Colleague: 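Please find one structure pasted underneath; my questions will follow.
Each ligand, and each atom within it, is numbered from 1 in the order the structure gives. These numbers come from a predicted model, not from an experiment.
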Amino acid sequence: MDLSILQQKFVSIFEKEPEASFFAPGRVNLIGEHIDYNGGLVFPCAITLGTYAAVSKRADQLFRVYSLNFESLGVIEFSLEDLTYNKSHNWCNYLKGVIKYLLEAGHSINTGLDIAVFGNIPNGSGLSSSASLEMLMCKICSTMYAFSLESMEAALLGKKVENHYIGVNSGIMDQAAIALGQKNHALLLDCNTLDYTIIPFELEGYSIVIMNTNKRRELADSKYNERRAECESALAKLQPGFDIKALCDLTEEDLEKAEVLIHHPVEFKRVRHAVTENTRVLAATKALQANDLVTFGKLLNASHISLKSDYEVTGIELDTLVAAAWEEEGALGARMTGAGFGGCAISVVANDKTTSFIENVNRKYKDAIGYEASFYIASIGNGPTQIHSL
Ligand code: GLA
């Protein structure tokens with residue numbers, strides 16, 4: 001992204017120079033899907049696609065905000081005095097939610113800001129553009145108003161915005177992956193305790209190819225909340241028989257007894273996914289640390305199969321992309337990433353095979369689905385940063 005375009009836009013809209021510019025990444029999840037809200041382990045990383053902002057302080061209480069991605073919306077204005085959710089404020093609600101909860105947490109924000117934003121995370125791709133925006137706003141506020149905000153505190157605040165301000169019942173993974181992002185490292189996060197380890201992630205001779213189905217994720221939120229409800233129902237049935245706080249406290253040996261207690265084939269499948277996925281995350285991080293990419297790839301495949309058959313969050317587009325990837329020479333594994341129901345998949349592909357991989361997978365996808373997929377070679381980047389100051 002050419003930062004000067006954003007800065008010029010800022011000048012033409014707000015008729016002054018920006019005082020500072022910021023960036024926050026998006027994320028991909030390598031493995032550990034739909035288990036952050038089940039107390040499981042996740043293994044995501046921040047990517048170099050993300051959201052940029054040019055910012056300047058105002059003397060009054062107003063926030064005036066403009067996005068190059070939604071130019072038809074023009075400048076959206078709101079005041080510190082009224083931070084209630086307002087549908088017509090569209091994407092700005094993410095910023096308002098962050099400010100509201102920062103204030104509630106006792107941080108001092110007493111004047112407004114002019115902000116111009118540009119994001120290069122493809123819309124609706126499941127690479128966490130909303131968490132990117134939330135973590136960007138946390139970085140903007142802590143810098144411009146000079147208070148300290150720990151990365152995990154920012155992540156929890158972003159989750160609160162999603163859950164209570166926007167109304168999406170998501171877990172902590174996306175915000176944590178972004179807030180704690182480190183170049184060429186992935187985050188192994190225990191979502192039960194919030195303990196984490198930052199693990200070097202450099203695949204010698206291989207790249208992560210992100211494959212976007214370009215399918216609109218219409219039903220994503222309602223289906224997401226449905227899966228969460230199924231897990232909660234199963235947990236309530238299991239707790240009289242097991243001393244557990246979350247589904248991922250179970251082990252694979254417990255599954256037989258769990259099936260009897262749950263007595264509901266669909267809910268049992270959801271539990272089986274959660275428990276086996278948790279095991280796969282541990283195995284995958286071990287494989288990676290031993291430089292065993294072949295095993296790592298096989299675990300990605302097993303994760304996709306479980307998300308397809310047991311958790312049922314893939315769909316024809318993701319399954320077609322992933323099946324096409326599995327057929328390619330030089331691809332060690334592939335799986336959907338993120339919430340599912342459209343969005344993106346990832347594959348570990350040998351560097352000298354990425355061009356043929358993309359051509360072949362795209363051709364098969366287009367033949368089956370009727371339109372093309374998009375492809376990006378992932379670079380693993382840093383968390384939120386200030387990139388310029390006056
Ligand atoms: C979305 C949510 C995350 C996580 C994933 C699935 O990205 O925001 O909290 O649940 O789906 O792993």
Side-chain angles (χ1 to χ4, degrees), residues 24-47 49-50 94 97 121-135 152 154-181 186-192 194 196 210 212-213 215 217-232 246-248 270 273-278 280-281 284 299-300 303-304 306-308 310-315 318 335-346:
R27 67 98 188 89
V28 285
N29 188 18
L30 299 167
I31 192 162
E33 214 64 85
H34 282 280
I35 56 172
D36 57 349
Y37 54 83
N38 283 318
L41 296 166
V42 295
F43 193 44
C45 50
I47 54 178
L49 296 173
Y94 290 103
I121 299 174
N123 247 350
S125 59
L127 301 178
S128 290
S129 56
S130 63
S132 174
L133 195 53
E134 291 152 12
M135 295 304 94
M152 192 53 89
L156 287 165
L157 193 134
K159 177 179 184 293
K160 193 168 164 189
V161 171
E162 291 286 349
N163 298 167
H164 302 299
Y165 196 85
I166 305 292
V168 178
N169 211 3
S170 51
I172 187 67
M173 174 173 75
D174 304 343
Q175 289 81 2
I178 292 169
L180 293 156
L187 172 76
L188 176 62
L189 174 67
D190 179 333
C191 299
N192 220 352
L194 296 185
Y196 62 86
I210 302 176
N212 187 350
T213 58
K215 161 157 160 67
R217 299 176 49 231
E218 284 123 4
L219 284 173
D221 289 349
S222 60
K223 289 278 181 200
Y224 186 91
N225 287 344
E226 188 183 295
R227 289 296 172 281
R228 286 208 64 162
E230 288 163 347
C231 289
E232 275 157 29
L247 291 183
C248 290
R270 308 303 188 233
H273 166 72
V275 174
T276 57
E277 182 76 350
N278 204 38
R280 281 186 290 271
V281 178
L299 289 159
L300 297 193
S303 168
H304 187 85
S306 179
L307 287 155
K308 177 182 179 195
D310 274 355
Y311 219 68
E312 298 177 282
V313 290
T314 55
L318 281 167
R335 61 179 288 274
M336 58 154 274
T337 185
F341 311 108
C344 287
I346 53 168

Colleague: Dump the intermediate steps for side-chain contact (heavy atoms from CB on, under 4.5 Å) on Tyr37 and Met173, then the final yes or no.
Modeller: CA-CA 9 Å; Tyr37 54 83; Met173 174 173 75; over 6 Å; no

Colleague: Would you check whether Gly171 has a nitrogen or oxygen atom less than 3.5 angstrom from a nitrogen or oxygen atom of ligand 1?
Modeller: yes

Colleague: Which word best sums up how the rings of His34 and Phe341 line up, parallel for under 30°, tilted for 30 to 60°, or perpendicular for over 60°?
Modeller: perpendicular

Colleague: At less than 4.0 angstrom from any non-hydrogen atom of Met173, what atoms of ligand 1 do you find?
Modeller: 4 (C), 5 (C), 12 (O)

Colleague: Has Arg27 got a side-chain atom pairing as donor or acceptor with Ile47's backbone, closer than 3.5 angstrom?
Modeller: no

Colleague: For ligand 1, which atoms have a heavy atom of Glu33 less than 4.0 angstrom away?
Modeller: 6 (C), 12 (O)

Colleague: List every atom of ligand 1 that sits less than 4.0 Å from any heavy atom of Arg27, numbering the atoms from 1 in the order shown and giving each element.
Modeller: 7 (O)

Colleague: Is the closest side-chain heavy-atom distance between Tyr311 and Glu277 below 4.5 Å?
Modeller: no

Colleague: Does Ser303 form a side-chain hydrogen bond (donor to acceptor under 3.5 Å, both in side chains) with Arg335? I'd like the steps, not just the answer.
Modeller: CA-CA 7 Å; Ser303 168; Arg335 61 179 288 274; 3.0 Å; yes

Colleague: Just which atoms of ligand 1 are under 4.0 Å from any heavy atom in Tyr224?
Modeller: 1 (C), 2 (C), 3 (C), 4 (C), 9 (O), 10 (O), 11 (O)

Colleague: Taking side chain as C-beta onward, heavy atoms only, is Ser132 less than 4.5 Å from Ile121?
Modeller: yes

Colleague: Given side chains that start at C-beta, do those of Asn163 and Ser170 come closer than 4.5 Å, heavy atoms only?
Modeller: yes

Colleague: Which ligand 1 atoms, with their elements, are less than 4.0 angstrom from a heavy-atom of Ala339?
Modeller: 1 (C), 11 (O)

Colleague: With a cut-off of 4.0 Å, which atoms of ligand 1 are near a heavy atom of Ser170?
Modeller: 2 (C), 8 (O), 9 (O)

Colleague: Give the numbers and elements of all ligand 1 atoms closer than 4.0 Å to a heavy atom of Asp36.
Modeller: 3 (C), 4 (C), 9 (O), 10 (O)

Colleague: Is there a polar contact between ligand 1 and Tyr37, counting only N or O atoms under 3.5 Å apart?
Modeller: no

Colleague: Considering only the protein, which heavy-atom contact is closest to atom 8 (O) of ligand 1, and what is its distance?
Modeller: Asp174 OD2, 2.6 Å

